[in-house]
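Read the structure below first, then the notes.
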Amino acid sequence: MPSDGDARGADFALPPLPKAPRRVLLFVAMEAEAEPIARALGLAPDRLPLGSAGVRSGRTGALEVSLLSPGICANTRVDQIGPVHAAAVLARALERIPCDLVVNAGTAGGFESQGQRIADIVLARDTLFHDARVALGGYDAVARAHTRLSADEATLARMAAALDARVGLVSTGASLDATADELAFFARHGALSKEMELAALALVCREHGRPLVALKGITDLVDHHEPAHEAFMRNLARTSARVAEAIGPLLDELAT
Ligand code: ADE
């Protein structure tokens, strides 16, 4: 599979992958994404007190896996999606759950102009906040938080071949839709996917000195005329199943 872009211009980098990871903390934003992964890996609910966040745990091969999700909002009864919840929940979990690797899996928007299709898989080389605009030197880089994730090029290429995935920029923002300026930004940066958590998780991993790998499945095409929320809801179950299928092989690759 081709590798897209090269993460030039990333201002931050996460620690390299551990040679032989033993404990993985797997973050997923929505219960619809978490359930098929828990089934695929045979994970069981854990009673760890982490507020509204949910933890399921178990062993797969040589790895102990804790699957973390932000849980359901008590007021609105929907998943607590978005970068702020992601960062808060991961930071809290890292203080309680020992791990030597963080993995983020989930759904995301893709790009028709990049030749992507629904349920395609993307591995993140780098991530940033595409909706952070600060015209002040230094602050712009801090706010955008452009971060190179932990897998080196050879490992990304090996994982991409094993998973039939593409490798590239996964861009994070607080919105499901995209403005015209953001669409121009994605095209300029050759973004392969757009979602609502990864750059926030990367920031927390940087603060905690943890390596991070991320895999996304495409539910909607950001540069297509159909509104993202309609395609997203129609394709959520199918793409979540595809992501769940890819998680075992991804963990196998990371453990070898
Ligand atoms: N998750 C799935 N599709 C998305 C999109 N288009 N934007 C942000 N997050 C998403």
Side-chain angles (χ1 to χ4, degrees), residues 4 26-37 68-73 76 78-87 89-90 103-124 126-133 144-147 149 165-166 168-203 212 214-247:
D4 306 82
L26 175 53
F27 178 95
V28 173
M30 299 179 71
E31 290 306 306
E33 298 165 334
E35 273 166 25
I37 293 177
L68 172 69
S69 51
I72 302 295
C73 168
T76 64
V78 301
D79 299 281
Q80 302 190 113
I81 59 167
V84 177
H85 288 296
V89 166
L90 180 61
V103 174
N104 172 218
T107 55
F111 296 90
E112 199 167 35
S113 56
Q114 294 276 9
Q116 287 172 294
R117 304 230 185 116
I118 301 304
D120 277 3
I121 297 291
V122 172
L123 289 165
D126 53 324
T127 185
L128 49 71
F129 289 106
H130 55 253
D131 54 8
R133 290 175 294 276
R144 186 141 281 173
H146 188 182
T147 305
L149 270 60
R166 281 170 74 179
L169 172 65
V170 173
S171 195
T172 301
S175 302
L176 185 67
D177 65 3
T179 66
D181 283 353
E182 287 170 349
L183 287 173
F185 178 94
F186 299 136
R188 230 173 25 252
H189 288 78
L192 272 198
S193 127
K194 163 186 179 288
E195 47 75 271
M196 298 174 66
E197 284 87 20
L198 183 58
L201 300 171
L203 199 148
L212 172 66
L215 176 152
K216 301 286 166 176
I218 302 304
T219 47
D220 53 275
L221 298 167
V222 179
D223 52 354
H224 190 270
H225 57 79
E226 183 183 19
H229 61 278
E230 289 176 14
F232 171 71
M233 288 314 291
R234 190 174 62 249
N235 296 314
L236 177 60
R238 173 181 162 206
T239 301
S240 297
R242 173 77 183 91
V243 169
E245 245 175 54
I247 281 296

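In each ligand, atom 1 is the first atom listed, and ligand 1 is the first ligand listed. Numbering starts at 1 and runs along the sequence shown. It should be emphasised that the depicted structure is a prediction, and the values quoted were computed from it without experimental measurement.
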Protein heavy-atom partner closest to atom 7 (N) of ligand 1 - residue, atom, separation in Å: K194 NZ, 2.7 Å
Side-chain heavy-atom pair [X], [Y] within 4.5 angstrom cut-off:
X	Y	result
F185	T179	no
L236	M30	yes
D181	R133	no

Nitrogen or oxygen atoms of A228 and ligand 1 under 3.5 Å apart: no
L176 N/O to ligand 1 N/O under 3.5 Å: yes
For ligand 1, which atoms, with element, lie under 4.0 Å from some heavy atom of [X]?
X	value
S175	8 (C)
T219	2 (C), 3 (N)
E195	8 (C), 9 (N)
M196	8 (C), 9 (N)

Residues, nucleotides or ligands: over 12 heavy atoms within 6.0 Å of R117 CZ: no
Atom of L128, atom of S171 and distance for their closest heavy-atom approach: CD1-OG, 3.3 Å
Donor + acceptor pair across side chains of H146, D126 (<3.5 Å): yes
D220 contact mode with ligand 1 (heavy-atom cut-off under 4.0 Å): side chain
